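None of the values given here were measured: they were computed from a predicted structure.
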Amino acid sequence: MNQNSMANGNNYPEELKKQGAAALALTCIKNRRLDKKAKANLHKYLKTTYLGKSISVQVNNNAAEINTSSSSPSSAAEAANLNLVEDNGAHGDGYVDGGDDYKPPDIPPVRNLNGVIGNCSKPLEKKLTNTDLKVNQCRLSMNRGKVLELLVPLLNEEEYRVLKEGIPVTVYDLDGNTFPMSFKVWSESKYYVLTSGWTKFHQNKGLTDKHVVTLWMFRHVETQKLCFVISWREVIAKKIK
């Protein structure tokens with residue numbers, strides 16, 4: 001194949017295009033931890049054929065193990081469109097598998113904050129654990145990777161400098177009530193947490209380990225201070241056998 005034809009992907013045989021798409025799709029989904037919808041899609045669609053190989057799918061502890069043996073590449077495009085979501089306690093996009101189809105809005109729905117939400121993070125979700133609710137812990141821990149991806153980019157230079165000591169923040173519930181807290185990183189463990197007020201918040205709201213909380217961080221356009229909004233919902237975890 002000459003350089004001109006290599007530069008023009010349209011000159012590739014259709015079979016090679018399909019095989020390339022299939023290889024990419026397999027790479028994306030192998031050994032991923034999947035959300036509820038993705039698991040259902042896998043069981044529905046991937047019992048067909050894929051990249052010249054038939055596929056059997058086993059879900060163990062929420063992880064998809066894909067085993068292949070021989071058939072046609074035609075189902076690769078269909079499988080590549082499954083919109084799979086990685087789940088590491090929080091999905092790749094910040095969501096957790098709460099056993100429901102809820103997807104939080106990009107901007108927190110708090111009427112009292114209309115017009116004052118400046119730069120705002122995408123929502124980050126956390127399934128509460130027993131340690132999040134212990135009075136002697138007094139902190140809400142958050143997924144380190146998601147904090148680095150979604151929250152830390154909103155910090156200015158001074159806020160980043162004092163992150164270990166703690167940044168005073170105002171936390172809003174969906175009714176617009178405020179709770180002073182501190183956003184910080186524990187230097188020993190590298191955990192990112194909300195503390196100094198979290199216990200009062202979760203006790204006031206009656207939160208338990210059956211709740212998933214959704215957090216948004218934003219900069220208040222009038223005060224230029226960092227703020228959070230926290231909403232919550234109760235979920236029932238479902239195991240797929």
Side-chain angles (χ1 to χ4, degrees), residues 88-96 98 102-129 131-209 211-233:
N88 291 313
H91 295 327
D93 55 3
Y95 307 142
V96 300
Y102 175 74
K103 184 173 181 179
D106 287 344
I107 302 297
V110 182
R111 287 186 181 179
N112 295 3
L113 297 179
N114 286 347
V116 300
I117 296 178
N119 289 339
C120 184
S121 73
K122 297 287 187 182
L124 183 156
E125 296 205 288
K126 168 71 188 289
K127 176 73 163 59
L128 295 181
T129 65
T131 52
D132 289 322
L133 303 169
K134 285 184 177 179
V135 175
N136 64 342
Q137 294 285 333
C138 190
R139 94 291 184 274
L140 170 66
S141 66
M142 292 170 278
N143 181 286
R144 174 179 169 80
K146 291 292 103 185
V147 171
L148 291 174
E149 176 188 348
L150 301 176
L151 306 188
V152 168
L154 270 68
L155 304 182
N156 60 35
E157 185 175 343
E158 175 61 18
E159 289 162 345
Y160 187 79
R161 187 183 67 80
V162 301
L163 191 52
K164 290 181 180 179
E165 290 75 32
I167 303 169
V169 296
T170 299
V171 176
Y172 294 84
D173 64 17
L174 291 185
D175 293 323
N177 301 310
T178 60
F179 300 79
M181 296 190 201
S182 180
F183 174 53
K184 66 189 304 182
V185 59
W186 286 346
S187 56
E188 297 83 5
S189 60
K190 303 299 183 184
Y191 278 124
Y192 288 85
V193 298
L194 279 175
T195 186
S196 303
W198 163 247
T199 297
K200 180 179 179 180
F201 182 92
H202 80 68
Q203 289 180 340
N204 180 276
K205 307 305 179 185
L207 301 183
T208 70
D209 60 2
H211 285 95
V212 169
V213 293
T214 305
L215 302 95
W216 297 261
M217 187 171 78
F218 70 93
R219 193 168 296 280
H220 197 291
V221 297
E222 295 175 355
T223 66
Q224 289 302 303
K225 301 294 185 182
L226 285 178
C227 303
F228 282 80
V229 171
I230 299 180
S231 70
W232 59 94
R233 69 189 190 277

- Query: For residues 162-186, which residue pairs qualify under salt bridge (Lys or Arg N to Asp or Glu O under 4.0 Å), counting only residues two or more places apart or in two chains?
  - Reply: Asp173-Lys205

- Message: Check whether Thr195 reaches the backbone of Cys138 with its side chain - one donor and one acceptor, N or O, closer than 3.5 Å.
- Response: yes

- Query: Do Ser121 side-chain atoms and Met217 backbone N/O form a donor-acceptor pair below 3.5 Å?
  - Reply: yes

- Roughly how far apart are His202 NE2 and Ile230 CD1, rounded to 0.5 Å? 11.0 Å

- Item | Ile167 vs Ser182 side-chain heavy atoms within contact, under 4.5 Å | no

- May I have all residue pairs that pass side chain to side chain donor-acceptor pair (under 3.5 Å) and include part of residues 214-224, sequence neighbours excluded? Glu125-Thr214, Glu159-Arg219

- Is there side-chain contact between Asp106 and Pro123, with heavy atoms separated by less than 4.5 Å? yes

- Item | Leu124 CG to Tyr192 OH distance, which is reported to the nearest 0.5 Å | 12.5 Å

- Verify the neighbour count for atom CG of Asp209: are there more than 12 heavy atoms of other residues, nucleotides or ligands below 6.0 Å? yes

- Query: How about Phe183 and Phe228: are their ring centres within less than 6.0 Å of each other?
  - Reply: yes

- Message: So if I apply the side-chain contact (heavy atoms from CB on, under 4.5 Å) rule between Arg139 and each of Asp132, Thr199, Leu194, which one comes out positive?
- Response: Asp132

- Task: Taking the side chain as every heavy atom from C-beta outward, state whether Val135 and Gln203 have any atom pair closer than 4.5 Å.
- Result: yes

- Query: Tell me, do Met142 and Leu151 make a side-chain contact under 4.5 Å, heavy atoms counted?
  - Reply: yes

- Task: Evaluate the side-chain proximity of Tyr191 to Arg144: yes if any heavy-atom separation is below 4.5 Å, no if none is.
- Result: no

- Task: Side-chain contact test, heavy atoms from C-beta onward, threshold under 4.5 Å: evaluate it for Leu174 versus Trp232 and give yes or no.
- Result: no

- Message: Return the CZ to CG distance between Arg161 and Asn156, rounded to the nearest 0.5 Å.
- Response: 10.5 Å

- Closest contact, heavy atoms only, Leu155 versus Leu163: CD1-CD2, 4.0 Å

- Message: Could you check whether any side-chain heavy atom of Asn112 comes within less than 4.5 Å of a side-chain heavy atom of Tyr172, counting everything from C-beta outward?
- Response: no

- Would you call Val229 and Leu215 a side-chain contact if the rule is heavy atoms closer than 4.5 Å? no

- Item | Nearest atoms (heavy-atom pairs only) where Pro168 meets Gly166 | CD-O, 3.7 Å

- Item | Heavy-atom closest contact (Leu128 atom, Leu140 atom, distance) | CD2-CD1, 3.6 Å

- Contact summary for Cys120 and Ile117, nearest pair of heavy atoms: CB-CG2, 3.9 Å

- Message: For a quick test of reading the model, state the closest non-hydrogen atom pair linking Val116 to Phe218 and the distance between them.
- Response: O-CE1, 4.2 Å

- Message: Parallel, tilted or perpendicular: which one describes the rings of Phe201 and Trp198, with boundaries at 30° and 60°?
- Response: parallel

